[in-house]
Amino acid sequence: MTGDGKDMEQWSAEKINAFRQTLLDWYDKEGRDLPWRKDHDPYHVWVSEIMLQQTQVNTVIPYYERFMKTFPTVDALAKAPADKLLKAWEGLGYYSRARNLQRAAQEIVIDRHGQWPTTAAGLQELTGIGPYTAGAIASIAFEEPVPAVDGNAFRVFSRLLEIDADIAKPESRGVFFDAIQAVIDPQRPGDFNQAIMDLGSSYMTAVNPDSEHSPVKAFNQAYLDGHELDYPVKTPKPRPVPINYFALVIQTPAGYLLTQRPSTGMLANMWTLPLVKETDLLVDDETALPETDELIRRAAATFEEDTGIELSLTPVSSRKVTHTFTHQKWQIQLLVTQLTKTPDLSLFPGQAIQETAFDEYVMPVVQQKMWRNYQKWQQRGDKS
DNA sequence: CAAACGTGGGC
DNA sequence: TGCCCAAGTTT
């Protein structure tokens, strides 16, 4: 094992031709009928590919349908208000995708006078389009015979050819790109790439594959050797780091206090309850671990010092919400507070918002979790 | 290049 | 609950 794929299977020209025919025959019969497969319009292909990054098909479908009604053309997308765009992306995650999507729309409409690049190399110049998406659009919309190397392609070809290059390493992309380039059907590159994706999400899945019934069973060397689950080789990612927060529920006559997150970083520009990170609390004595009640008092005090808004924590009510991101696990203690007087919001980095207006603001899932939890507490009158 | 960047589903 | 997975790109 060299670990770089150099000892992979090599296919003859005859075998390559047989594979193409088998794969495309199956795709013509069993390929999925998806909303973005009704035509090969580059706008449709592009938006769907961006949405599908690290996201499952069933999640994307309703977002895609709504998105196309809201922003039917690349011009509409280029001109859209940023908050309207983010609202359309709300709940889909990886929100920089939405920002980059609009930047690329503007690059096409303004810089390129509405002309799409028609090659993978050209497409990759657009913001948010990397090597995979460039290959997907180029092959599907413009019939360029170029691989679209995504997670499915990594998994499928690692098994077909017993490629043992570690797919977690960026340097492995070239090994797979070259291998697929040699096999891709130059007559139907878009269908070939999409067939590989369909194969990867049906028979040749990561867990519980069903290669026995796969149309390309006879080409699946790893399966034939009884080592299917040894592929793809992939080093695991680090576990999410736990981070403790306090979230403050502060009701004023004008509504609940919400803060807008910074324009960069996690959940950029989105609205949440005011969050205080436990490690940001002022600690005079670093040796002693403060009691929970003391931490709660310090969280409230920190917020008061930052905003000039005075709170009362009586009756103190707290509930816990956890939300796991790719690299962080937030453990949030919800603190329901009362105001001691009408707050001066001049220093507060947010707004008082009536609950009935929440749906006009873009909120991440973690905020929706916190809010549902608070509502449940309210209804039950659970003061514990 | 390693790390940041969301969310939902399956076991 | 925890862990892995799902049509990746940017910095």
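To find a chain, count down the sequence lines: A is the first, B the second, and so on, and within it residues start at 1.
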* To do: Look at all strands and tell whether A:Trp89 reaches a base, only sugar-phosphate, or nothing, counting heavy atoms closer than 4.0 Å.
  => nothing
* How many Å lie between CH2 on A:Trp330 and P on C:dT1, as a whole number? ->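 Taking atom P of C:dT1 as the reference, CH2 of A:Trp330 is at 19 Å.
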* Asked: Which whole-number value in Å describes the distance from A:Ile167 CD1 to B:dC1 P?
  -> 16 Å
* To do: Would you kindly give the CZ-to-P distance between A:Arg155 and C:dC4, to the nearest whole Å?
  =>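 After rounding, the reported distance stands at 16 Å.
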* **Trace of the side chain to side chain contact (heavy atoms under 4.5 Å, CB included) decision for A:Leu123 with A:Glu144** => CA-CA 12 Å; A:Leu123 288 159; A:Glu144 183 183 1; over 6 Å; no
* With heavy atoms under 4.0 Å as the rule, sort A:Val60 into base, sugar-phosphate or nothing. =>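 A:Val60: no heavy atom of the nucleic acid under 4.0 Å.
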* **Between C:dG8 (C1') and A:Arg99 (CZ): distance, integer Å** =>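 Interatomic distance, CZ of A:Arg99 to C1' of C:dG8: 15 Å.
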* Does A:Lys234 make a side-chain N or O approach to OP1 or OP2 of C:dC4 shorter than 4.0 Å? -> no
* Connected via hydrophobic side-chain network under 4.5 Å: A:Val365 and A:Trp330 -> no
* Asked: Between A:Trp371 and A:Phe358, is the gap from one ring center to the other below 6.0 Å?
  -> yes
* To do: Using the six-membered ring of A:Tyr63, assess whether NZ or CZ of A:Arg66 lies under 6.0 Å from its centre and within 45 degrees of the ring axis.
  => yes
* Asked: At under 4.0 Å between heavy atoms, what does A:Arg37 touch on the DNA or RNA strands: base, sugar-phosphate, or nothing?
  -> base
* To do: Could you tell me whether A:His327 and A:Phe325 have their ring centroids closer than 6.0 angstrom?
  => no
* Asked: Given the P atoms of C:dA6 and B:dC1, what is the spacing between them in whole Å?
  ->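 Their P atoms lie roughly 23 Å apart.
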* Rounded to whole angstrom units, what separation is found between the CE atom of A:Met204 and the C1' atom of C:dC5? ->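 Taking atom C1' of C:dC5 as the reference, CE of A:Met204 is at 16 Å.
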* A:Thr133 near the nucleic acid: base, sugar-phosphate alone, or nothing, with a heavy-atom cut-off under 4.0 Å? -> sugar-phosphate
* Name all residues meeting the salt bridge (charged side-chain N to carboxylate O under 4.0 Å, His left out) criterion together with A:Asp185; count only those two or more places apart in sequence or in a different chain, and write none if there are none. => none
* Starting from the 5' end of DNA chain C, give me the residue, A:Arg239 or A:Thr127, whose nearest nucleotide shows up first. =>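 Closer to the 5' end of DNA chain C: A:Arg239.
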* Structure fact -> Contact string for nucleotides 3-11 of chain B, one letter per nucleotide 5' to 3', B = base within protein heavy-atom range under 4.0 Å, S = sugar-phosphate only, - = neither, reads -SBBBBS--
* To do: Return the value, rounded to whole Å, for the distance between atom CD1 of A:Ile61 and atom P of C:dA6.
  =>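 It is 17 Å, rounded to the nearest whole Å.
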* Closest nucleotide of DNA chain C for A:Leu34 versus for A:Asn100: which of these residues is on the 5' side? ->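 Checking each residue's closest nucleotide, the 5'-ward one belongs to A:Leu34.
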* Determine the contact category for A:Ala136: base if any of its heavy atoms lies under 4.0 Å from a base atom, sugar-phosphate if only primed atoms, P, OP1 or OP2 are that close, otherwise nothing. => nothing
* Gap between atoms CD and C1', on A:Gln124 and C:dT10 respectively (whole Å) -> 12 Å
* Asked: Does a side-chain heavy-atom distance below 4.5 Å link A:Gln354 with A:Tyr256?
  -> no
